[in-house]
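The block underneath contains the structure these notes are about, expressed in C-alpha cells.
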Amino acid sequence: MNRLANATSPYLRQHADNPVDWHTWGEEAFAQARERDVPILLSVGYSACHWCHVMAHESFEDDTTAAYMNEHFVNIKVDREERPDVDAVYMEATQAMTGQGGWPMTCFLTPTGEPFYCGTYFPPTPHHGLPSFAQVLEAVARTWRERREEVVQSAGSIVAQLAGTGFPSGRAPGADRLDTAVEVLRHDFDLRNAGFGGAPKFPPSMVLEFLLRAAVRRGEQPGPGPGADADAADTALAMVEQTCDRMARGGMYDQLGGGFARYSVDAGWVVPHFEKMLYDNALLLRVYLHWWRLTGAPLAERVVRETADFLLRELRTPEGGFASALDADSEGVEGKFYAWTPDQLREVLGPDDGAAAARTFAVTERGTFEHGASTLQLPRDPDDAQWFAEVRARLAQAREQRVRPGRDDKVVAAWNGLAIAALAEAGALLEVPEYVRAATEAADLLVRLHTGADGRLVRTSRDGVAGDSPGVLEDYADVAEGYLALLAVTGDPVWLARAGGLLDVVLDRFGTGDGGFFDTADDAERLVRRPQDPTDNAVPSGRSAAAGALLTYAALTGSERHRAAAESALAVAGRLADRAPRAAGWGLAVAEALLAGPVEVAVVGTPDDPGRERLHRLALRSPAPGTVVVVGAPDASARDATPQTGHNGDGQVPLLAHRGLVDDRAAAYVCRGFVCDRPLTEPAELARRLGVRGTT
C-alpha cells in the first residue's frame, strides 16, 4: 500500500502511484522494519530535482524493481525540503562513505535508523562504473541476510564517527581575518568567466553579500564597470560586479521572464540546470539590490525588478506565500520551456527580427544547449532599447503557449523569510509598494498558518493547510530576518515582537551550550545524530542566519544576551575565513555587520511628514554593513530622559525610545550601541553621514 497520496509534499505525491510500497518518514515504517526484520531503503529527493525524476521513471515505476524493493525492504520516501533534518543526517553519512553527495540520495538503514550503505543516483543498468540499482538491491539484501552482525557493527561505527564531529567555540572574525577571506576568494576567482571555481557554477549569493560589505569597509570605489578587463577583478567590489554581470547576462538568468535557475552546468554560465528555486531568487534579488544601492548599476536595478516580478508572477500562492520551486522539466524534457532555435525565433518574430534576436541572444544554428537549441544569453545590451523591449514581450508571449514546468507549491517557512526580507527592501528602495505588500502578506501567512499558539513554527504548508514537520533553526532565523526587514521598512513594531518571540525559541531550544546551535530543537524527534551544520551552502546555515537575526535584534533593543549569542555563533565563520570562505559567506557577511557596529539609524517624525519619509528612505539606502533602521513617531519623553535598552512593554521599539523632533522637524539619530551622534534633520547631511550614493 503506497501511503503518499495524502502527503502535503508535492514531491511525495509525485510517487503516490508508484508500485513501490512507500512509507512516509515515521515510527510506523521503523516498527514494520523491526517486525519484518528487514533493512530500510530511504530515498530522499525534492520536486524540482531532474535526476530524482529520472530514477523514479527508471526504477520506482518499474514493477519488477518495485516488487523486489517491497519484498526485501521497508521503503521510505522523504522530501528533503520538508525534512532537512533527516536529509542532513543521512547526507553527512553519504558524503562520509562516498566522498560526495547529491540527490536523489539512496541510503540503506538498520531498523533502528543507522546507515550502513549510501549512494545517490543508481542507473537501471551498469553505467560508467556505477552498479545498476537492481545489483545494489540484491547485494544489500544478501549482505543483510548473510552478514548481519557485521552490518550492524559497521552502522554503529558510522554513527559514532558522525557523532564525534564537533565545532569548537571561539571568537567572531575581526578585520584581519575578513581581509584574509577576501584574498582567498580572489585567488579562487575565475578571471575568465567570473564566479568562483569551475563547473558546475553555483550562484555565490552569500559570498557576494560578504564581498559587498567588505568593499564598503575597505573604502573601495566602483571600477570601470563589469565590461572591463576581467583582470581588474582584484578588489572585493570588482569580484561582485564581474560575477553579477556574467550571471545576469548568461543562460542561467531567464532573459524573458526574470529569475535565476539553480546553477550553470558549465563554467561560463551558459547552460543552466533549469529548475528555479525560491531561495536562490530571494538571495540573489537582495544581492543585486545591494549592488545597485552601492553603485547605481542599471543592470542591477533591472535584474531586481525582473526577479521580484518573477516571484510575484510565478511563485506566489493564492494564500499569499511563495511556492518552493519550478521544475527543470516540461513534457519530460529538461529545459524545453526555456530553450530556442533560430527557426523558432524567426517563426515568432519574422525573418529580420528573428535573425537580429538570434544575434542578440546568442542563439546559434548549432545550439548552445541540446538538440540544436540554445539558452538565451545577453552578452551586451542592444542599442535600440524599444526594439529589445518589444522583442522580449513577443517572445515571452509566445513562450506562454508552451507547456510550463511543474511547480512545487508548498510554502517553506525559511525560504519565505528570505523572500520577505528581499521584497520588503526592494519595495522600499525602488519605491514599488506592491513588493512591500507582497512581503507583508507572506509574513501574515507565516504568522497565521505556520506559527502555533506556543510560538513554535511548522516548516511547510500547502493549499492553506499546515504540514506536520516542525520548524528547524533556519526557519526561525530566516523568518525572524524577514520580520525585522519588514520592521525597518514599515515601522510597525509588531514585527519586532514577532521576531523576538522566534529568537527566544532559538536561544531556549537550539543552543549547544558552547556558543553554537543545533539545527533541530531540543524537543524535536531524535535521529541517530542531532544535526549541526554551520556551513553556508545553497542557503545560509541556520547558525549564520541566527547570528544575523540576533545581531539585528540586539541593535534594535540593546539586548546583550542576543548580541553575545550572535558573536559566539560567528566563531565558525572565523575558522573558515582562511580555509573555505565560500562555505561561510553569510557568516562572514554578518561578521562585517558586527565589526561595523552595526550602524543604528532611528528616524522620528509624524507619519504624514514628508521630511520623515525622506530621511527614512535615505537611511534604508545606507551601504554600511548590516545597517539597522527603524522609523516611528517622536517620543514625548525625549526632552527629559535618555534612551533605555531592552524590551519595552508598551510596544515601542527601544531604539526609538526618547528620540524626539529637532526644532519641530523630523530627525535621524545615527548610533552604535545606542550611543548616538547629534541628530540630523537635513537629508543631504544624513546621506553624507551614511555614505549614501546621491541625495534624493
Side-chain angles (χ1 to χ4, degrees), residues 172 209 212-213 216-217 286 289-290 293-294 417 420-422 424-425 428-429 477-500 502-503 544-567 569-570 586 589-604 612 615-632 643-648 652-659 667-677 679-680 686-687 689-692:
E209 185 70 45
L212 280 171
R213 294 182 178 191
V216 174
R217 173 177 57 82
R286 213 173 181 191
L289 180 67
H290 294 169
R293 182 173 64 185
L294 184 60
I420 290 164
E425 286 190 3
L429 293 179
D478 289 336
V479 172
E481 175 87 6
Y483 290 173
L484 293 172
L486 273 179
L487 169 70
V489 167
T490 68
D492 188 343
V494 71
W495 298 115
L496 179 68
R498 288 169 175 165
L502 297 178
L503 294 175
S544 295
L550 288 163
L551 183 63
T552 298
Y553 187 83
L556 289 161
T557 63
S559 169
E560 286 300 324
R561 180 190 184 209
H562 291 77
R563 184 179 177 90
E567 291 185 26
L570 291 173
W586 190 248
V590 176
E592 288 282 0
L594 178 67
L595 192 63
V599 174
E600 305 153 356
V601 186
V603 178
V604 295
R612 186 182 96 163
L615 293 173
H616 181 213
R617 190 164 63 245
L618 281 171
L620 291 170
R621 288 182 56 189
S622 167
T627 299
V628 173
V629 177
V630 67
V631 62
Q644 302 296 313
T645 62
H647 296 274
N648 197 317
Q652 185 185 50
V653 178
L655 185 59
L656 285 173
H658 312 294
R659 315 287 185 200
Y669 294 77
V670 180
C671 322
R672 282 185 174 84
F674 276 60
V675 177
C676 305
D677 298 336
L680 305 174
L686 178 63
R689 174 68 180 80
L690 296 177
V692 173

Given side chain to side chain contact (heavy atoms under 4.5 Å, CB included), test Val599 with Val628 step by step and report yes or no.
CA-CA 6 Å; Val599 174; Val628 173; over 6 Å; no

Would you mind checking if Glu592 and Arg217 are paired as a salt bridge, meaning a charged N to carboxylate O distance below 4.0 Å?
yes

Check ion pair Glu481-Arg286 (N to O, under 4.0 angstrom)
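Yes, this pair counts.
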
[X] versus [Y], closest heavy-atom pair with distance:
X      : Y      : answer
Leu686 : Ala668 : CD2-CB, 3.9 Å
Ala619 : Val629 : O-CG2, 3.6 Å
Ser544 : Val590 : O-CG2, 4.0 Å
Ala480 : Ala549 : CB-CB, 4.1 Å
Arg293 : Leu620 : NH1-O, 3.3 Å
Gly597 : Arg563 : O-NH1, 2.9 Å

So, do [X] and [Y] sit near enough that their side-chain heavy atoms are less than 4.5 Å apart?
X      : Y      : value
Pro625 : Val216 : yes
Leu618 : Leu690 : no
Thr627 : Pro598 : no
Leu496 : Thr557 : yes
Trp495 : Thr490 : yes

Begin with the C-alpha distance, continue with both residues' side-chain angles, and end with the deciding distance and a verdict on side chain to side chain contact (heavy atoms under 4.5 Å, CB included) for Val604 and Tyr669.
CA-CA 8 Å; Val604 295; Tyr669 294 77; 3.9 Å; yes

Could you state the interatomic distance from [atom1] ([X]) to [atom2] ([Y]), rounded to the nearest 0.5 Å?
X      : Y      : atom1 : atom2 : answer
Leu556 : Leu487 : CG    : CG    : 6.0 Å
Glu425 : Arg621 : CD    : CZ    : 13.5 Å
Leu484 : Ile420 : CG    : CD1   : 11.5 Å
His290 : Leu212 : NE2   : CG    : 8.5 Å
Leu551 : Ser559 : CG    : OG    : 11.0 Å

Within 45° of the ring axis of Trp586 and under 6.0 Å from its six-membered ring centre, is that where the NZ or CZ of Arg213 lies?
yes

Can a donor-acceptor pair be found, under 3.5 Å and without considering hydrogens, that links the side chain of Thr552 to the backbone of Gly548?
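The answer is yes, because a donor-acceptor pair under 3.5 Å joins these two groups.
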
Test your reading of the model: is there a side-chain donor-acceptor pair from Arg659 to the backbone of Pro679, 3.5 Å cut-off?
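Checked: no pair found.
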
Which is it for Val603 and Val630 under the side chain to side chain contact (heavy atoms under 4.5 Å, CB included) test, yes or no, and what are the steps along the way?
CA-CA 6 Å; Val603 178; Val630 67; over 6 Å; no

List for me each residue that meets side-chain hydrogen bond (donor to acceptor under 3.5 Å, both in side chains) alongside Arg498, sequence neighbours excluded, and say none if there are none.
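Here no residue qualifies.
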
